[in-house]
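Because the structure is a prediction, the values reported are computed rather than measured. Note that the numbering runs from 1 along the sequence shown for the chain.
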Amino acid sequence: MMHTAVGWHVEMEFQEDDDQTRAVAMVRLPDGTEVRAHGQASRHRTDSNQPRVGEEIAGARALNDLAMQMLAKAHGEIDSASGRTSHPIHV
């Protein structure tokens, strides 16, 4: 039987203007650490105004940045605990 030891909630916020959407993703870890990441999307002048698409792109880029930061954090913790340089973690 599998038990859930911990859960994470990611918060996303967006700021938009006519041509750009910016996203901020934040996760608060059980130890109180907060990791924030950013993403951006730009609308080409010939594209129709579709705010949801801008949010999806900017949000995905912020989540990708968050994932990379979390991998780097985990990698650093592995190195600290083992006292050696470990192999990079790839996605």
Side-chain angles (χ1 to χ4, degrees):
M1 177 186 267
M2 182 180 277
H3 296 279
T4 301
V6 65
W8 294 356
H9 293 276
V10 176
E11 295 178 25
M12 296 283 298
E13 291 184 5
F14 298 95
Q15 290 184 328
E16 298 177 86
D17 60 31
D18 290 337
D19 298 324
Q20 291 196 343
T21 303
R22 287 171 288 289
V24 177
M26 190 272 291
V27 63
R28 185 174 296 111
L29 302 175
D31 67 359
T33 303
E34 290 183 357
V35 181
R36 293 178 188 271
H38 302 271
Q40 182 173 318
S42 298
R43 184 172 65 87
H44 189 272
R45 67 188 184 309
T46 61
D47 291 341
S48 61
N49 189 7
Q50 298 179 346
R52 190 185 79 238
V53 173
E55 289 171 4
E56 291 169 352
I57 294 169
R61 288 175 174 163
L63 290 171
N64 186 55
D65 183 22
L66 185 65
M68 298 308 293
Q69 288 185 50
M70 294 299 300
L71 283 170
K73 181 180 183 311
H75 189 64
E77 291 172 4
I78 291 168
D79 289 352
S80 292
S82 68
R84 62 179 173 76
T85 301
S86 57
H87 296 285
I89 300 171
H90 298 285
V91 289

Asker: So, Arg43 side chain and Gln20 main chain: donor-acceptor pair closer than 3.5 Å or not?
Answerer: no
Asker: Donor-acceptor check, side chain of Ser80 to backbone of Gly76, threshold 3.5 angstrom: yes or no?
Answerer: yes
Asker: Please report the closest heavy-atom contact between Val35 and Met70, naming both atoms and the distance.
Answerer: CG2-SD, 3.8 Å
Asker: Can you confirm whether more than 12 heavy atoms, excluding those of Glu13, are under 6.0 Å from its CD atom?
Answerer: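 12 or below, so no.
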Asker: Is Met26 linked to Leu29 within one hydrophobic cluster, defined over Ile, Leu, Val, Met, Phe, Trp and Tyr using a side-chain heavy-atom separation of less than 4.5 Å?
Answerer: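 No, no single cluster joins them.
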Asker: To the nearest 0.5 angstrom, please state how far the CZ atom of Arg61 sits from the NE2 atom of His38.
Answerer: 15.0 Å
Asker: Going from CD1 on Ile78 to CG on Leu71, what distance comes out if it is rounded to the nearest 0.5 angstrom?
Answerer: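 So the gap between those two atoms works out to 9.5 Å.
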Asker: Can you confirm whether Ile57 sits close enough to Gln40 that some side-chain heavy atom of one is under 4.5 Å from a side-chain heavy atom of the other?
Answerer: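 In short, these two side chains do not touch, never coming nearer than 4.5 Å.
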Asker: Return the minimal non-hydrogen interatomic distance between Thr33 and Lys73, and the atom names on each side.
Answerer: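 Looking at all heavy atoms of both residues, the closest pair is CG2-CE, 3.9 Å.
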Asker: In Å, rounded to the nearest 0.5 Å, how long is the span from CD of Glu34 to CZ of Arg28?
Answerer: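 Result: 4.0 Å between the selected atoms.
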Asker: Who are the side chain to side chain donor-acceptor pair (under 3.5 Å) partners of Gln69, not counting sequence neighbours?
Answerer: Asp65
Asker: Rounded to the nearest 0.5 Å, what separates atom OG in Ser82 from atom CD in Glu77?
Answerer: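 These two atoms lie 11.5 Å from each other.
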Asker: Spell out, as yes or no, whether a donor-acceptor pair under 3.5 Å connects the side chain of Arg52 to the backbone of Glu56.
Answerer: no
Asker: Output all residues satisfying side-chain contact (heavy atoms from CB on, under 4.5 Å) with Ala62, sequence neighbours left out; order by chain, then residue number.
Answerer: Met12, Ala23, Ala25
